Amino acid sequence: MKEATLLQFLLGIIVCSTIFFCTHAEDPYLFYTWEVTYGIRAPLGVPQQVILINNQFPGPPIEAVTNNNIVVNIINHLDEPFLITWHGIMQRRTSWQDGVLGTNCPIPPHSNWTYKFQVKDQIGTFMYYPSTLMHRASGGFGAFNINQRSVISIPYPAFDEDVTLLVGDWYIKGHKIIVNGSYPIILINYTFFTQALQKQLDSGLGLPLPDGLLINGVSNFTFTGQKGKTYKFRVTNVGISTSINFRIQGHPMTLVEVEGCHTLQEVYESIDIHAGQSIAVLVTLHGSVKDYFIVASTRFTKPILTTTGILRYQGSQTPPSLPLPVAPTYHVHWSMKHARTIRMNLTANAARPNPQGSFHYGAIKVVRTILLANEKVEINDKLRYAVNGISYVDPATPLKLADWFNIPGVFVLNGTKDAPPSGPPTLGASAFGFTLHDFVEIVFQNTEKTIQSWHLDGYSFFVAGYGGGNWTTDVRRRKRYNLVDAVSRNTVQVYPKSWTSILVSLDNKGMWNLRSQTWSKRYLGQEVYLRVWNDEKSLYTETDIPPNALFCGKAVQS
């Protein structure tokens with residue numbers, strides 16, 4: 001009897017130990033090797049130099065599951081330094097992996113570097129793209145989708161297939177001039193005697209309207225589906241300047257997710273997606289067996305650019321019929337009202353089983369308000385863009401390395417003021433200083449007649465409010481904020497001559513880039529960094545510098 005009892009006791013220990021180690025096992029790894037090269041493609045029918053990843057344009061998608069570990073070895077075959085940033089991936093505790101020049105030294109030409117990070121507690125539709133120079137205008141971008149774990153239910157009807165659409169504006173010029181003789185002679189007529197985008201910006205000139213729009217890197221995209229089935233379309237605006245309106249002829253779209261936040265399941269005939277933003281919609285093929293237009297058109301531009309793809313029912317022999325489904329064009333008020341209808345589903349789960357609405361952001365005291373005014377300026381007789389009087393210039397040493405090793409003279413902490421100052425704009429490198437777990441309000445004031453789009457690395461934030469004119473501290477205006485079910489996202493639009501307010505809990509230690517998603521404006525200085533810090537050195541709040549970190553600038557001697 002004693003022996004049987006002892007045996008049962010030992011078996012119990014073994015079972016408990018097995019459960020413990022299984023539940024604490026490391027999450028799965030996904031490994032990628034990406035070769036970054038130049039290549040020739042004709043997205044708009046004109047042969048041009050683009051940036052390829054593993055000979056693909058757009059680049060290969062990453063299809064991950066919550067908490068997966070991602071390892072990407074980037075082999076840079078370009079003739080320039082290169083980095084990729086992971087747009088919307090929060091990089092919990094690992095701003096070292098963010099892939100911007102404020103956190104990472106670029107990968108030298110004909111060299112490689114390996115990113116390693118975890119998609120901790122995230123689901124949703126995201127993307128990646130080059131962060132260096134104007135490389136993004138030539139490609140190198142792709143989809144980054146994070147799916148729910150099998151033990152976590154999705155808070156919307158089941159669908160039959162997941163479809164990714166990368167939609168965005170495109171320039172025929174590319175980011176740099178092609179040297180004569182490097183490529184077939186057919187290219188010379190299109191590129192050799194034309195200023196490339198980067199040189200045009202360096203010379204002090206702005207960029208014209210893009211030449212067109214693409215869907216998944218082509219101007220003739222087709223998707224074939226089956227009648228009666230429901231498809232989840234993940235749609236991302238990968239463009240470098242323009243907002244788009246997206247619609248599918250004869251097919252209403254049910255919005256279910258915005259950049260990792262499950263939304264109220266509103267039905268739309270068309271939906272605005274601004275530069276850097278992502279959505280997911282459910283579409284059921286309920287129509288007659290034929291072809292239908294998939295349409296994307298620019299917003300707030302003259303002229304309006306439009307591209308079409310085809311939604312083809314399996315077995316269709318009937319081409320799509322005109323007219324194209326109409327969409328708003330210059331209507332800012334319509335778009336602002338439309339944006340306010342996109343709200344968080346408070347009872348739905350996200351990456352975790354607890355409801356999204358369990359974090360009562362509207363009840364948290366704001367400890368600091370930052371009012372950021374963008375402006376178009378001239379410095380040294382050249383076009384620049386500034387934020388609160390500072391036009392950002394990347395120093396040779398990443399801010400994160402300078403901060404980690406206490407290297408002086410690289411950036412100015414709190415050099416950018418909390419409100420627009422008086423006086424002429426200047427060039428510089430600055431970071432706002434925050435304490436870990438600060439809850440702050442950031443107000444974007446758009447002083448221009450064009451729409452803006454802003455992205456914050458490392459976080460999702462609550463879009464509290466939009467309004468026309470100048471933002472003030474008037475309490476009555478703040479009563480217009482949505483403090484209950486504002487959507488949580490990482491990229492937000494700011495309408496012409498208007499303001500947008502966001503609320504963010506700074507619970508992710510590191511150095512984080514806040515930038516314009518209008519890439520020419522970011523290139524010419526419209527960005528800043530947030531240093532989120534405390535004096536506790538702990539792996540629970542921030543990892544150590546990775547062993548394969550690259551060093552450059554003043555950090556080489558550290």
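Worth saying up front: this structure is predicted, and the values here are computed from it rather than measured.
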- Would you call Val532 and Asn508 a side-chain contact if the rule is heavy atoms closer than 4.5 Å? no

Arg522 meets the salt bridge (Lys or Arg N to Asp or Glu O under 4.0 Å) criterion, sequence neighbours left out, with Glu527

Inset, instruction - Examine distances only and state if a side-chain atom of Tyr231 and a backbone atom of Leu282 form a donor-acceptor pair shorter than 3.5 Å. - result: no

Quick check against the 3.5 Å criterion: does Asn446 have a side-chain atom that pairs as donor or acceptor with the backbone of Val494? yes

Between Tyr529 and Tyr392, does a ring pair (Phe, Tyr, Trp, His ring centres under 6.0 Å) hold up when you go through it step by step?
CA-CA 10 Å; Tyr529 280 83; Tyr392 188 88; 5.6 Å; yes

Interatomic distance, CD1@Ile84 vs CD@Gln97, rounded to 0.5 Å, equals 13.0 Å

Practice problem: Determine, step by step, whether Trp170 and Phe57 satisfy the ring pair (Phe, Tyr, Trp, His ring centres under 6.0 Å) criterion, reporting the C-alpha distance in whole Å, the side-chain angles of both residues, the deciding distance to 0.1 Å, and the verdict. | Solution: CA-CA 13 Å; Trp170 188 256; Phe57 173 81; 5.3 Å; yes

_Would Gln249 and Arg247 count as a side chain to side chain donor-acceptor pair (under 3.5 Å) here? Give the steps._
CA-CA 7 Å; Gln249 187 179 39; Arg247 53 215 186 266; over 6 Å; no

Closest non-hydrogen atoms of Pro210 and Leu305, given as atom of the first, atom of the second and distance, are O-CD1, 3.3 Å

Leu550 vs Asn104 side-chain heavy atoms within contact, under 4.5 Å: no

Closest non-hydrogen atoms of Leu213 and Ser297, given as atom of the first, atom of the second and distance, are CD1-CA, 3.9 Å

- Step through it carefully: locate the ring centre of Phe434, locate the ring centre of Trp512, and say whether they are under 6.0 Å apart. no

Is the backbone N or O of Asn67 less than 3.5 Å from a side-chain atom of Gln118, with the two atoms forming a donor-acceptor pair by type?
yes

Applying side-chain contact (heavy atoms from CB on, under 4.5 Å) to Ser520 and not counting sequence neighbours gives Leu201, Leu207, Thr518

The side-chain hydrogen bond (donor to acceptor under 3.5 Å, both in side chains) partners of Lys232 (sequence neighbours excluded) come to Tyr156

For Ile273 and Asn237, the nearest pair of non-hydrogen atoms, with its separation, is O-ND2, 3.0 Å

> Is the gap between the ring centers of Phe223 and Phe233 under 6.0 Å?
Replying inline: yes

Residues at least two apart in sequence or cross-chain that pass ring-ring contact (aromatic ring centres under 6.0 Å, His included) with Phe82, listed by chain then number, are His135

task = List the steps, then state whether side chain to side chain donor-acceptor pair (under 3.5 Å) holds for Asp169 with Ser241.
result = CA-CA 7 Å; Asp169 51 43; Ser241 63; 3.0 Å; yes

Open item on the list: Tell me if a side-chain donor or acceptor on Lys400 pairs with a main-chain N or O of Gly510 at a distance below 3.5 Å.
Closed with: no

Rounded to the nearest 0.5 angstrom, the CD-OG distance for Gln48 and Ser138 is 7.0 Å

>> Assess, by modelled atom type and distance only, whether the side chains of Gln200 and Ser203 contain a donor and an acceptor separated by less than 3.5 Å.
In response: no

- Query: Tell me, do Thr450 and Pro496 make a side-chain contact under 4.5 Å, heavy atoms counted?
  - Reply: no

Report task. Taking atom types as modelled, find out whether Ser501 and Tyr481 have a side-chain donor-acceptor pair closer than 3.5 angstrom. Result -> yes

Rounding to 0.5 Å, atoms CD1 (Ile271) and OG1 (Thr341) come to a distance of 7.0 Å

Checklist line | Side chains of Asn482 and Phe462 in contact at under 4.5 Å (non-hydrogen atoms) | finding: no

Just wondering, are more than 12 heavy atoms of other shown residues or ligands nearer than 6.0 Å to CZ in Arg352? no

Salt-bridge contact Asp403-Arg531 (side-chain N to carboxylate O under 4.0 Å): yes

Tested for side chain to side chain contact (heavy atoms under 4.5 Å, CB included) against Leu83, the lone hit among Asp98, Leu101, Val100 is Leu101

In terms of heavy-atom contacts, Phe359 and Ser505 come closest through CZ-CB, 4.2 Å

> Can you list the steps and then say if Phe432 with Val440 is a side chain to side chain contact (heavy atoms under 4.5 Å, CB included)?
Replying inline: CA-CA 12 Å; Phe432 286 108; Val440 303; over 6 Å; no

For this session: State yes or no: are the ring centers of Phe141 and His87 separated by less than 6.0 Å?
Result: no

Rounding to 0.5 Å, atoms CD (Glu375) and CD (Gln445) come to a distance of 11.5 Å

**Message:** For a 4.5 angstrom cut-off between non-hydrogen side-chain atoms, does Asp457 reach His455?
**Reply:** yes

Side-chain heavy-atom pair Trp454, Leu514 within 4.5 angstrom cut-off | yes

(request) Might you work through the side chain to side chain contact (heavy atoms under 4.5 Å, CB included) test for Trp499 and Asn470, ending with a clear yes or no? (result) CA-CA 7 Å; Trp499 57 267; Asn470 292 325; over 6 Å; no

Rounded to the nearest 0.5 angstrom, the OH-CD1 distance for Tyr115 and Ile89 is 13.0 Å

Requested in this report: Would you confirm whether Ser391, through its side chain, and Leu524, through its main-chain N or O, come within 3.5 Å as a donor-acceptor pair?
Outcome: yes

To the nearest 0.5 Å, atom CE of Met127 lies from atom CD of Gln277 at 9.5 Å

Between Ile215 and Gly309 the two heavy atoms that sit nearest each other are CD1-N, 4.2 Å

Quick test of your reading of the model: are Asp272 and Arg299 salt-bridged, counting only N-O distances below 4.0 Å? yes

Practice prompt. State, yes or no, whether a side-chain contact exists between Ser335 and Phe300 at a heavy-atom distance under 4.5 Å.
Written response: yes

#### Entry: Full working for side chain to side chain contact (heavy atoms under 4.5 Å, CB included) between His338 and Ser270
CA-CA 10 Å; His338 167 94; Ser270 72; 5.8 Å; no

Please step through side chain to side chain contact (heavy atoms under 4.5 Å, CB included) for the pair Thr263 and Asn345, ending with a clear verdict.
-> CA-CA 5 Å; Thr263 62; Asn345 187 336; 5.7 Å; no

With sequence neighbours left out, the residues meeting ring-ring contact (aromatic ring centres under 6.0 Å, His included) with Tyr523 are none

Hits for side-chain contact (heavy atoms from CB on, under 4.5 Å) against Ser278, two or more places apart or cross-chain, chain-then-number order -> Thr125, Thr236, Glu259

Heavy-atom nearest pair, Ser498 first then Met336, reads OG-CE, 4.1 Å

| task | Just do the ring pair (Phe, Tyr, Trp, His ring centres under 6.0 Å) check on Trp519 and Tyr129 with the steps written out, would you? | result | CA-CA 12 Å; Trp519 215 243; Tyr129 50 78; 5.5 Å; yes

query: Do Pro303 and Leu209 come within less than 4.5 Å of each other through their side chains, counting heavy atoms only?
result: yes

Side chain to side chain donor-acceptor pair (under 3.5 Å) evaluation trace for Asn374 with Ser516:
CA-CA 9 Å; Asn374 60 272; Ser516 172; over 6 Å; no

